[in-house]
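A short write-up of the structure that comes next.
Quick note: residue numbers are just sequence positions, from 1.
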Amino acid sequence: MTYRALFSSALVLAGVALVGCAGVTTPDVAVGASSVDMIELREPGLFANYFPAAVSEPGPAIILLGGSEGGLNPASAREARLLRDEGFSVLQLSFYKSPGQPDNLEMIPLETFDRGLDWLAARAEVDPRRVGIFGTSKGAEAALITAVRHPDEISAIVAVVPSSVSWQGINWDFDGRPPEASWSLDGMPFPALPYGDWDEATGLYSLYANGLEGVDAHKDAIIRIEETEAPVLLICGGADTLWPSCPMSDALIARAQTFGGPKIDLLAYPEAGHGAGGAPSLTFDPARAGEALSYGGTRGASQSAREDGWPKTLAFLKASLD
């Protein structure tokens, strides 16, 4: 099998079906409102679902980003509602694979996140001084980059199975085009670390692990975490077989310590895989706890990590955005 075919097979396993939503409605939400569950945003450059909290005065808010599955997936929507129930207004933001957006995770404009941040901060029920960002996997990569670019506007960061660098993009078409960056800024490629050599024994993981070995030649791709003062919560899985989320978490912490901040808390779950963070599953079956997951760990290890980490995630956000 060719390198490209191997990479294609591995990445396809990481994708999930695109969840489509129709309709356009962007009503105002009065402070103290409790009857609005979700507002669909279908504006040029802004495809999102908004879950406003019922607050008596402007309160905290969160931008919520999924991973390479793209779109607005139901699991993220569930987490948005859980966060909303804790008093956070939540903007679940799609950055690709939704109508009008790219189908490949390449050259995604970082301005997408800027627009989401501006829209959220302008809401009457949102205190713009208390806005956090919460991303998973590629969404964690985007969340960290966005927080670094907006140090005065992001007040808390949650990065689940994160990256310490900005990576080369994902071309789901596998059409032989030269590789492009995951992100763009002002229409130009944002610095990106290329994938490393493929190792059949470790598969997809090898592209990232081997890629990190070349980071000294691409220092502009390193996420300059020291440029934000916002407190950071990192969550990683020691058995992650998609990419090295714990080593990259360690790299973020080391850089913060070397360059004087920010404060970073780490929840590392040695037996969990790429599913180490987020809300616990409602359908977990203890009889299947020992089943291996596609990207590391077992169902039981993932559920245990989430049961431990979700309350700590909520506590972190409440303390940081108080």
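Atoms CD1 and OG, from Ile62 and Ser155 in turn, are 11.5 Å apart once rounded to the nearest 0.5 Å. With values rounded to the nearest 0.5 angstrom, Trp119 atom CH2 is found 7.5 Å from Leu46 atom CG. Atom CG of residue Leu252 and atom OG of residue Ser163 lie 7.5 Å apart, to the nearest 0.5 angstrom. Taking CG from Leu144 and CE from Met248, the interatomic distance works out to 10.5 Å, rounded to the nearest 0.5 Å. To the nearest 0.5 Å, atoms OG1 (Thr146) and CG (Asp114) are separated by 6.5 Å. We find the CZ-CG distance between Arg115 and Leu91 to be 12.5 Å, quoted to the nearest 0.5 Å.
Side-chain polar atoms of His274 and Ser137 form a donor-acceptor pair below 3.5 angstrom. Residues Trp310 and Glu79 bring no donor and acceptor atom of their side chains to less than 3.5 Å of each other. A donor-acceptor pair shorter than 3.5 Å can be found between the side chains of Asp173 and Asn104. Of the N and O atoms on the side chains of Thr298 and Glu271, not one donor lies less than 3.5 Å from an acceptor on the other residue. Side-chain polar atoms of Arg42 and Asn49 form a donor-acceptor pair below 3.5 angstrom.
Between Glu125 and Arg123, at least one side-chain nitrogen of the basic residue sits less than 4.0 Å from a carboxylate oxygen of the acidic one, meeting the salt-bridge criterion. Ion pairing between a basic and an acidic side chain is recognised when a charged N comes within 4.0 Å of a carboxylate O; Arg149 and Glu227 show no such pairing. Under a 4.0 Å N-O distance rule, the pair Asp308/Arg306 does not qualify as a salt bridge. A salt bridge does not link Asp285 with Arg299: every distance from a Lys NZ or Arg NE/NH1/NH2 to an Asp or Glu carboxylate oxygen is 4.0 Å or more. Of the charged side-chain nitrogens involved, at least one lies within less than 4.0 Å of a carboxylate oxygen, so that Asp37 and Arg81 count as a salt-bridged pair. Taking a cutoff of 4.0 Å between a charged side-chain nitrogen and a carboxylate oxygen, Asp322 and Lys318 do not qualify as a salt bridge.
Formation of a donor-acceptor pair under 3.5 Å by the Ser68 side chain with backbone atoms of Lys138 is not found in this model. Under the 3.5 Å distance criterion, the side-chain polar atoms of Ser94 are left unmatched by any main-chain donor or acceptor of Phe47. Judged by distance alone, the side chain of Asp127 and the main-chain N or O of Arg129 form a donor-acceptor pair under 3.5 Å. The closest donor-acceptor contact from the side chain of Arg130 to the backbone of Gly59 lies at 3.5 Å or more, if one exists at all. Formation of a donor-acceptor pair under 3.5 Å by the Ser320 side chain with backbone atoms of Leu317 is not found in this model. The closest donor-acceptor contact from the side chain of Glu69 to the backbone of Gly67 lies under 3.5 Å.
Between Phe113 and Phe95, the ring-plane angle classifies as tilted under the 30° and 60° cut-offs.
Proximity of Ile157 to Leu233: side-chain heavy atoms (C-beta onward) are nowhere separated by under 4.5 Å. Side-chain contact between Leu120 and Leu93 is absent, with no heavy atoms from C-beta onward closer than 4.5 Å.
Between Ala256 and Ile225 the shortest heavy-atom distance is N-CG2, 3.9 Å. Shown here for Gly70 and Lys97, the closest heavy-atom pair between the two residues is CA-CB, 4.1 Å. Nearest heavy-atom pair across Ser98 and Leu72 is OG-N, 4.3 Å. Residues Ser302 and Leu293 share a closest heavy-atom pair of CB-CD1, 3.9 Å. Taking each heavy atom of Ala124 and Pro58 in turn, the nearest pair found is O-CG, 3.5 Å. Pro262 and Ala230 make their closest contact through CB-O, 3.3 Å (heavy atoms, listed as atom of the first residue, atom of the second, distance).
Atom CZ of Arg78 has more than 12 neighbouring heavy atoms from other residues, nucleotides or ligands inside a 6.0 Å radius.
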CA sep, side-chain torsions, deciding dist, call: Glu106, Arg177, salt bridge (charged side-chain N to carboxylate O under 4.0 Å, His left out): CA-CA 11 Å; Glu106 296 179 304; Arg177 290 184 292 104; 2.8 Å; yes

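Applying the side chain to side chain contact (heavy atoms under 4.5 Å, CB included) test between Leu234 and each of Val161, Ile253, Asp265 identifies Ile253 as the sole match. Considering Tyr205, Trp243, Tyr208 as possible partners of Tyr195, the one that fulfils the ring-ring contact (aromatic ring centres under 6.0 Å, His included) test is Tyr208.
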